[in-house]
Amino acid sequence: MLLISCTDDSGTPKSKPSNMYTFSGGPSGGTFQYYASAIATIGQKEGQKLLARSSGGSIENIRLVNSKKADFAVAYSGHVYAGFKGQLKNDENSYPKVLVMAYLYGAPAQLVVKADHGIDSPHDLEGKRVGVGNAGSGAAANAEIYFTSLGLWEKMDREFLGYRNAATAMQNGQLDAFWVFTGYPSASILEVAMQAEIKLLDTYAAGEAVGLFQNNPFFTAVTVPANTYNGQTTDIASFQDGALLVANADVPDEVVHQILTAIYSEEGLEYLVSVHNSAKSMSIDTGLKGVVTSIHPGALKFWEEKGLTIPEMVE
């Protein structure tokens with residue numbers, strides 16, 4: 001039996017029976033929620049009762065899982081890392097009971113400017129109007145990490161706009177650049193590229209030069225392939241954070257192992273791709289990509305059986 005629900009009519013999470021596991025996703029219609037609902041469905045194969053719930057996203061999920069208000073969730077690797085170390089922004093609490101099960105997909109940084117504005121590198125954005133994502137979002141948090149590393153965060157005219165609003169603002173000449181931290185192709189960038197000549201800036205080189213990736217080991221290199229967007233004729237070097245499947249440390253090892261077995265079956269992976277295209281990046285080989293924090297024992301058993309080298313946890 002599978003039960004999938006989000007909230008009651010008041011928006012308050014429903015209580016769950018003691019034999020049911022809760023899976024915290026993200027905002028309704030967002031990628032996290034697609035994965036939560038899809039994995040809950042896959043879990044039915046092993047007879048697991050999973051209740052998929054919406055949430056505010058990665059950081060809320062970390063708090064929910066650590067406190068056992070959720071058993072499973074999706075969260076960004078960088079937030080899991082910061083939560084473990086007690087370094088989440090404006091939060092000194094540590095969240096050590098959030099353990100990794102698997103890497104799901106990558107969210108690459110994409111920094112967009114108009115081709116004719118003479119902006120050739122991130123450093124050229126000093127004094128410019130830059131859309132950095134919604135206030136409180138993962139995109140904005142990663143923008144702050146990136147541009148602070150470059151010494152630019154306080155030197156830009158930052159606009160806390162969601163992707164769609166940022167795309168509209170750029171089309172109207174109200175922004176010089178905007179930052180997207182999501183899978184490619186991004187609908188917001190596609191929209192702008194249909195109306196104007198754009199280019200993506202190389203975000204990797206500038207970050208590497210200031211030690212961004214040594215200081216933030218959850219970021220990994222990625223390439224946005226040529227022709228992803230209209231007018232983008234070359235590969236663009238960038239970096240990404242990984243969306244991870246996580247579980248509370250007290251979830252039984254056999255339950256974690258069973259769910260991973262179902263997800264990484266041929267049928268499971270095919271179903272995930274049918275739900276969201278980003279799942280094309282999922283495979284046994286990428287199962288622990290970008291993982292720098294503790295792995296759930298049930299997941300450790302699964303990945304060792306698959307012959308993966310287990311990454312060392314970053315202290």
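Treat the numbers as computed from the prediction; the structure is a model and nothing was measured. Heavy atoms only: backbone and side chains are in, while hydrogens, waters and symmetry mates are out.
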Query raised in the report: Hey, does the side chain of Gln232 reach the backbone of Pro225 with a donor-acceptor pair shorter than 3.5 angstrom?
Result: yes
Answer whether the closest heavy-atom distance between the side chains of Val74 and Ile39 falls below 4.5 Å. no
Under a 4.5 Å side-chain heavy-atom rule over Ile, Leu, Val, Met, Phe, Trp and Tyr, are Phe32 and Val100 clustered together? yes
* To do: Indicate yes or no for a side-chain donor-acceptor contact from Thr286 to the backbone of Lys289 under 3.5 Å, with no hydrogens or angles considered.
  => no
All heavy atoms of Asn66 vs all of Lys97, minimum pair found to be OD1-N, 2.9 Å
- Item | Any side-chain heavy-atom pair of Val210 and Leu150 under 4.5 Å | yes
**Prompt:** Is there a side-chain contact (heavy atoms from CB on, under 4.5 Å) between Arg129 and Asp176 once you walk through the steps?
**Reply:** CA-CA 5 Å; Arg129 301 162 298 177; Asp176 298 297; 3.3 Å; yes
Margin query: Determine whether a donor-acceptor pair (N or O, by modelled atom type, separation under 3.5 Å) exists between the side chain of Trp179 and the backbone of Ala139.
Written below: yes
With no hydrogens and no angle check, is any side-chain donor or acceptor of Gln240 less than 3.5 Å from a backbone partner on Thr220? no
- Test item: side-chain donor near acceptor, Asn61 and Ser24, under 3.5 Å: yes
Rounded to the nearest 0.5 angstrom, the CD1-CG distance for Ile145 and Asn216 is 5.0 Å
**Message:** Between Thr234 (side chain only) and Ala226 (backbone N and O only), is there a donor and an acceptor less than 3.5 Å apart?
**Reply:** no
Heavy-atom distance under 4.5 Å between the side chains of Ser149 and Asn215, does that happen here?
-> no
For Lys199 and Lys114, the nearest pair of non-hydrogen atoms, with its separation, is CE-O, 4.5 Å
Residue pairs meeting ring-ring contact (aromatic ring centres under 6.0 Å, His included), one or both in residues 214-238, sequence neighbours left out, come to Tyr81-Phe218, Phe219-Phe239
Shortest non-hydrogen pair, Phe181 vs Ala107, comes out as CE2-O, 2.9 Å
Closest non-hydrogen atoms of Ser238 and Ala109, given as atom of the first, atom of the second and distance, are OG-O, 2.5 Å
Checklist line | side-chain contact (heavy atoms from CB on, under 4.5 Å) evaluation trace for Lys128 with Val113 | finding: CA-CA 11 Å; Lys128 303 295 186 182; Val113 299; over 6 Å; no
Practice prompt. Find out whether Leu245 and Ile263 are in side-chain contact, i.e. whether some heavy atom of one side chain is under 4.5 Å from a heavy atom of the other.
Written response: yes
Under 30°, 30 to 60°, or over 60°: which ring-plane class applies to Phe302 and Tyr264, parallel, tilted or perpendicular?
-> tilted
Output for pair (Glu254 CD, Lys301 NZ), nearest 0.5 Å, gives 8.5 Å
Next item on the list: State yes or no: do Leu99 and Leu88 share one hydrophobic cluster built from I, L, V, M, F, W and Y residues joined by side-chain heavy-atom distances below 4.5 Å, directly or via other members?
Entry: no
Do Ile284 and Met282 sit in one hydrophobic cluster, given that two such residues count as connected whenever their side-chain heavy atoms are within less than 4.5 Å of each other, even indirectly? yes
(request) Tell me yes or no: between the side chains of His123 and Ser121, is some donor less than 3.5 Å from an acceptor? (result) no
The single option from Val246, Val256, Leu288 that satisfies side chain to side chain contact (heavy atoms under 4.5 Å, CB included) with Ile295 is Leu288
When every non-hydrogen atom of Pro108 is compared with those of Thr182, the smallest separation belongs to CD-O, 2.9 Å
- Query: Under 3.5 Å, is there a donor-acceptor pair between the side chain of Ser77 and the main chain of Gly290?
  - Reply: yes
Margin query: Are the side chains of Phe160 and Asn165 in contact, using a 4.5 Å heavy-atom criterion?
Written below: no
ask   = Should Met101 and Leu244 count as side-chain neighbours, where that means a heavy-atom distance under 4.5 Å?
value = no
| task | Report yes or no: does His296 contribute a side-chain atom to a donor-acceptor pair with the main-chain N or O of Val251 at less than 3.5 Å? | result | yes
Derivation and outcome, side-chain contact (heavy atoms from CB on, under 4.5 Å), residues Tyr34 and Leu272: CA-CA 9 Å; Tyr34 281 118; Leu272 280 170; over 6 Å; no
- prompt: Can you tell me if Tyr35 uses its side chain to pair, donor with acceptor, with the backbone of Ala243 under 3.5 Å?
  reply: no
Rounded to the nearest 0.5 angstrom, the CD-CD distance for Glu154 and Glu144 is 8.0 Å
Rounded to the nearest 0.5 angstrom, the CG-OH distance for Asn248 and Tyr21 is 10.5 Å
Checklist entry - Should Leu200 and Val112 be marked as a side-chain contact (heavy atoms from CB on, under 4.5 Å) after you check the CA-CA gap, both sets of side-chain angles, and the distance that decides it? => result CA-CA 5 Å; Leu200 299 185; Val112 189; 3.7 Å; yes
* Asked: Salt-bridged, Arg164 to Glu191, with N to O below 4.0 Å?
  -> yes
d(Glu159 CD, Leu175 CG) to nearest 0.5 Å is 6.0 Å
Atom CD of Glu305 with >12 non-hydrogen neighbours under 6.0 angstrom | yes
query = Between the main-chain N or O of Ala143 and the side-chain N or O of Trp153, is there a donor-acceptor pair closer than 3.5 Å?
reply = no
Using a strict cut-off of less than 4.0 Å between a Lys/Arg side-chain nitrogen and an Asp/Glu carboxylate oxygen, indicate whether Lys68 and Asp250 qualify as a salt bridge.
yes
query = Would you say the side-chain atoms of Asn134 pair up with the backbone N or O of Gly162, donor to acceptor, closer than 3.5 Å?
reply = yes
Nearest heavy-atom approach of Ser188 to Phe178 is OG-CE1, 3.9 Å
dist Asn277:CG -> Tyr184:OH (nearest 0.5 Å) comes out at 10.5 Å
| query | Given side chains that start at C-beta, do those of Tyr146 and Leu212 come closer than 4.5 Å, heavy atoms only? | reply | yes
Quiz item: Are Phe72 and Leu64 linked, directly or through other ILVMFWY residues, by side chains that come within less than 4.5 angstrom of each other?
Solution: no
Problem - ILVMFWY network linking Val222 to Val291, side-chain heavy atoms under 4.5 angstrom - result: no
Residue pairs passing the salt bridge (Lys or Arg N to Asp or Glu O under 4.0 Å) test with at least one member in residues 257-282, sequence neighbours excluded, are Lys45-Glu267
